[in-house]
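Beneath this line is the structure, given in structure tokens, with notes to follow.
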Amino acid sequence: MSLNPQLLDVLVCPRDKGPLVYREQEQVLVNERLGIAYRIDQGIPVLLTDEAVEWPGGQAQ
């Protein structure tokens, strides 16, 4: 399932307020700066900081 491009333009990470990268195949939004990802559940981004998971290749702080 794909996300609306206009939605992607306004979504930001709740931790650092920076942009997120959409990974369609994995159905996640990734904050590469912090090395975390937020899942997308049935087309709805779950941007809860306590549900973020570590994402490889990031610069976790």
Side-chain angles (χ1 to χ4, degrees):
M1 178 178 292
S2 182
L3 287 180
N4 182 324
Q6 291 176 326
L7 178 61
L8 292 174
D9 286 342
V10 298
L11 287 178
V12 296
C13 177
R15 287 192 186 172
D16 72 357
K17 309 302 186 246
L20 296 166
V21 177
Y22 176 45
R23 306 283 180 155
E24 185 172 7
Q25 185 173 354
E26 296 92 348
Q27 285 297 288
V28 295
L29 291 166
V30 177
N31 179 330
E32 294 174 339
R33 297 168 308 286
L34 299 180
I36 57 175
Y38 300 93
R39 67 185 169 91
I40 298 171
D41 188 10
Q42 298 180 4
I44 300 171
V46 180
L47 297 176
L48 301 172
T49 58
D50 60 337
E51 292 202 24
V53 296
E54 288 187 31
W55 188 259
Q59 301 171 0
Q61 298 176 357

*Gln6, CD atom: more than 12 neighbouring heavy atoms under 6.0 Å*: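 Atom CD in Gln6 is not crowded, with 12 or fewer foreign heavy atoms closer than 6.0 Å.
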Rounded at 0.5 Å granularity, tell me how far [atom1] in [X] sits from [atom2] in [Y].
| X | Y | atom1 | atom2 | result |
| --- | --- | --- | --- | --- |
| Leu3 | Gln27 | CG | CD | 6.5 Å |
| Leu11 | Leu29 | CG | CG | 6.0 Å |
| Leu34 | Arg15 | CG | CZ | 7.0 Å |
| Arg23 | Glu32 | CZ | CD | 5.0 Å |
| Arg39 | Leu48 | CZ | CG | 8.0 Å |

*Flag yes if Val21 and Val12 sit in one hydrophobic cluster, no otherwise; membership is Ile, Leu, Val, Met, Phe, Trp, Tyr, and two members link when side-chain heavy atoms are under 4.5 Å apart.*
no
_Where Ser2 and Tyr22 come nearest, the two heavy atoms and their spacing_ = CA-OH, 3.4 Å
*Between Pro14 and Leu47, what is the shortest heavy-atom contact and its length?*
CG-O, 3.4 Å
*Any Val53 side-chain heavy atom under 4.5 Å of Val28 side chain*: no
*Any side-chain heavy atom of Ile36 sitting closer than 4.5 Å to one from Cys13?*
yes
